[in-house]
There are 2 protein chains.
Amino acid sequence: MSQRNTVVTDQLTAPADAPSPEDCPLPEVLALIGDKWSAQVLVQLGGGPHRFTQLERAIEGISRRMLTVSLRNLERNGLITRTVYPDAPPRVEYATTSLVEDIRAPLEALSTWARHAGPVIAAARHAYDNRR
Amino acid sequence: MSQRNTVVTDQLTAPADAPSPEDCPLPEVLALIGDKWSAQVLVQLGGGPHRFTQLERAIEGISRRMLTVSLRNLERNGLITRTVYPDAPPRVEYATTSLVEDIRAPLEALSTWARHAGPVIAAARHAYDNRR
DNA sequence: CCGTATCCTCAGTGATACTG
DNA sequence: CAGTATCACTGAGGATACGG
């Protein structure tokens, strides 16, 4: 803040209105979907509305409890909708809101990156561990 | 899995080789930079190499310990380099590797989204809490 | 089918003090 | 300057059982 690098106006692939690091709300994003399951729920719902049990089966390893918690959080933050149909047996459908549309692309970019970087990272980790 | 929606081949803004949700390595990405500080460190280093204390001052609220931990993890995974200059007093510089180049864009996209979505989300949250 | 209620554990984090 | 060592805490997350 005080004297942080007088000539860092160029941000590396920075257009004109590049945000400076200090007002980067990345932590807020991570607070929303940075937990263990929320992102996966969103990805899954990207394929269209899902019912509770459908999600539970689709997302490997998630517990009933954590699915509920994640869904409630996402719903509370306006990222998904919860629709209850007055049927018997009960039927509840979850779907993403329009808010999510705009992150789908960057999120998929991250996934793509992960597929490419995965092996490289594994190698780096192995190298790091075998030093010392 | 069993009967999950036979016609979800269209992924919403999906090109030709859209990855299906089940092999989406988003969790891996989050395991890398999904913690409280790593992403911010990367963002900060996006503005060029930084020294330890420089980072400590730039990243509001981070403790010496967590900065160390985050840096070690990032280094271990090959996302940043650590260069020690044999000076007195000690001087260590951290910089991002080329691996990081390709996520900078999506990461900034997420930040931009957050700036736009922030108020909407706050409103949604308020509405949700004031129901019931 | 769609959850809630409890209990419990442990990894991530922070505070503080010390060091090459 | 650039860390490391210790301790203590918190809350995210899992297991299990129950309920509308």
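Every value quoted in this text rests on a predicted model; they were computed, and no experiment measured them.
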> Is there any salt bridge (Lys or Arg N to Asp or Glu O under 4.0 Å) pair reaching into residues 36-48 of chain B, and which pairs are they, with sequence neighbours excluded?
Replying inline: none
> Is there a donor-acceptor pair under 3.5 Å between the side chain of B:W37 and the backbone N or O of B:L71?
Replying inline: no
> A:A127: what forms a side-chain contact (heavy atoms from CB on, under 4.5 Å) with it, not counting sequence neighbours?
Replying inline: none
> Between atom CG in A:D87 and atom P in C:dC2, what is the gap in whole Å?
Replying inline: 10 Å
> What are the two closest non-hydrogen atoms of A:V29 and B:A114, and how far apart are they?
Replying inline: CG2-CB, 3.5 Å
> Taking all atoms of both residues into account, what is the closest heavy-atom pair of A:I33 and A:L79, and its distance?
Replying inline: CG2-CD1, 4.2 Å
>> Please tell me if A:R51 has a side-chain N or O lying less than 4.0 Å from either OP1 or OP2 of C:dG3.
In response: no
> What residues form a side-chain contact (heavy atoms from CB on, under 4.5 Å) with B:N130, not counting sequence neighbours?
Replying inline: B:H126
> A:T68 pairs by side chain to side chain contact (heavy atoms under 4.5 Å, CB included) with which of A:R72, A:M66, A:R65?
Replying inline: A:R72
Donor-acceptor contacts, no H, no angles, side chain residues 81-90 of chain A, under 3.5 Å, sequence neighbours left out:
| from | atom 1 | to | atom 2 | distance (Å) |
| --- | --- | --- | --- | --- |
| A:T81 | OG1 | A:A95 | O | 3.4 |
| A:R82 | NE | A:Y94 | OH | 3.2 |
| A:D87 | OD2 | A:R91 | NH1 | 3.1 |

> When every nucleotide of nucleotides 6-20 of chain C is labelled 5' to 3' by its protein contacts under 4.0 Å (heavy atoms), B for base, S for sugar-phosphate only, - for none, what sequence of letters results?
Replying inline: B------BBB----B
> To the nearest Å, how far apart are A:H50 NE2 and C:dC1 C1'?
Replying inline: 16 Å
> Where does the chain B footprint on DNA chain D start and end, counting 5' to 3' with a 4.0 Å heavy-atom cut-off?
Replying inline: D:dC1 to D:dT6
> C:dG3 phosphate, OP1 or OP2: any side-chain N/O from A:Y94 under 4.0 angstrom?
Replying inline: yes
>> OP1 or OP2 of C:dC2 versus the side-chain N and O atoms of A:T53: is any pair under 4.0 Å?
In response: yes
